[in-house]
J.: 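I have a structure here, written as structure tokens, and I will follow up with some questions on it.
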Amino acid sequence: VQLQASGGGLVQAGGSLRLSCTASGGTSSKYLMAWFRQAPGKEREFVAAISWSGRSTDYQDSVKGRFTITRDNRENTVYLQMDSLKPEDTAVYYCAAETVDYSRDYTHNFDWRFEFWGRGTLVTVSS
């Protein structure tokens with residue numbers, strides 16, 4: 001599975017961006033999808049995840065109420081709507097996918113379990 005992330009850019013604090021991640025190849029399988037981010041000089045951290053059906057979501061505490069993860073399985077795409085952006089949201093954002101079976105319609109935030117990673121898209125929030 002190849003993941004292509006897009007939608008990053010430069011935005012002022014308080015602004016919004018929407019990231020997209022489109023999967024290609026192996027799309028007949030079911031995938032738990034997530035977004036992680038890595039700021040300069042910091043370790044990669046979990047941002048949000050969504051189960052294969054979209055019924056279950058999870059967020060890092062610092063983005064709850066500001067970010068929304070959704071997916072469109074017909075388009076093999078997952079989105080991250082980011083509102084009320086803060087300078088501390090500046091990072092490279094990566095989408096990730098884990099193959100799951102039908103019964104595993106839940107989320108987690110363990111990066112080591114995700115098999116597939118996109119290249120990342122840079123989000124810069126100016127103050």
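Note that these values count all heavy atoms, side chains included, but never hydrogens, waters or copies made by symmetry.
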J.: Give me the other members of the hydrophobic cluster that Y106 sits in, counting Ile, Leu, Val, Met, Phe, Trp and Tyr linked by side-chain heavy atoms under 4.5 Å, directly or via other members.
T.: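 Reading the cluster by chain and number, Y106 sits alone, since nothing else belongs.
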J.: Quick test of your reading: applying ring-ring contact (aromatic ring centres under 6.0 Å, His included), list the pairs with at least one residue in residues 53-105, sequence neighbours left out, ordered by first then second residue.
T.: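 Qualifying pairs: W52-Y102.
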J.: Say whether I69 and L17 are linked into one hydrophobic cluster, either directly or through other cluster members, by side-chain heavy-atom distances under 4.5 angstrom.
T.: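 Shared cluster, yes.
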J.: Just to verify, what does F116 make a ring-ring contact (aromatic ring centres under 6.0 Å, His included) with, not counting sequence neighbours?
T.: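 Applying ring-ring contact (aromatic ring centres under 6.0 Å, His included) to F116 gives none.
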J.: Go through the structure and list residues passing side chain to side chain contact (heavy atoms under 4.5 Å, CB included) with E45, not counting sequence neighbours.
T.: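 Here the qualifying residues are R37, Q60.
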J.: Would you mind listing every disulfide bond (SG atoms under 2.5 Å apart) that reaches into residues 30-65, with sequence neighbours excluded?
T.: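 Checked against disulfide bond (SG atoms under 2.5 Å apart) - neighbours excluded - no pair reaches residues 30-65.
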J.: Donor-acceptor check, side chain of T90 to backbone of T124, threshold 3.5 angstrom: yes or no?
T.: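 Flag not set: sc T90 to bb T124 has no pair under 3.5 Å.
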J.: Between N76 and T22, do the side chains contain an N or O donor and an N or O acceptor separated by less than 3.5 Å?
T.: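 No, no side-chain donor-acceptor pair sits under 3.5 Å.
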J.: Do Q81 and T70 meet the criterion of a side-chain donor-acceptor pair at a distance under 3.5 Å?
T.: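 No.
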J.: Applying the 4.5 Å side-chain criterion to the ILVMFWY set and letting contacts propagate, would L3 and V47 be lumped into a single cluster?
T.: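 Result: yes, single cluster for both.
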J.: Would the W35 and F46 ring centres measure less than 6.0 Å apart?
T.: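 Ring-ring flag for W35/F46: false, centres at least 6.0 Å apart.
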J.: Distance only, no hydrogens: is a donor on one side chain within 3.5 Å (strictly under) of an acceptor on the other, for S6 and S20?
T.: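 Checked: S6/S20 side chains show no N/O donor-acceptor pair below 3.5 Å.
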J.: Side-chain contact, heavy-atom cut-off 4.5 Å: K30 with R104?
T.: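 No, too far: nothing below the 4.5 Å cut-off.
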J.: Which pairs count as disulfide bond (SG atoms under 2.5 Å apart) when at least one residue sits in residues 69-127, sequence neighbours excluded?
T.: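 Of all non-adjacent pairs touching residues 69-127, those that pass disulfide bond (SG atoms under 2.5 Å apart) are C21-C95.
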J.: Same hydrophobic cluster for V11 and L19, using side-chain heavy-atom links shorter than 4.5 Å among ILVMFWY?
T.: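 Yes, same cluster.
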J.: Report yes or no: do D72 and T77 form a side-chain donor-acceptor pair below 3.5 Å?
T.: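 No, no side-chain donor-acceptor pair sits under 3.5 Å.
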J.: With side chain to side chain donor-acceptor pair (under 3.5 Å) as the test, would you mind laying out the steps for E115 and T99 before giving the verdict?
T.: CA-CA 7 Å; E115 308 151 76; T99 308; 3.0 Å; yes
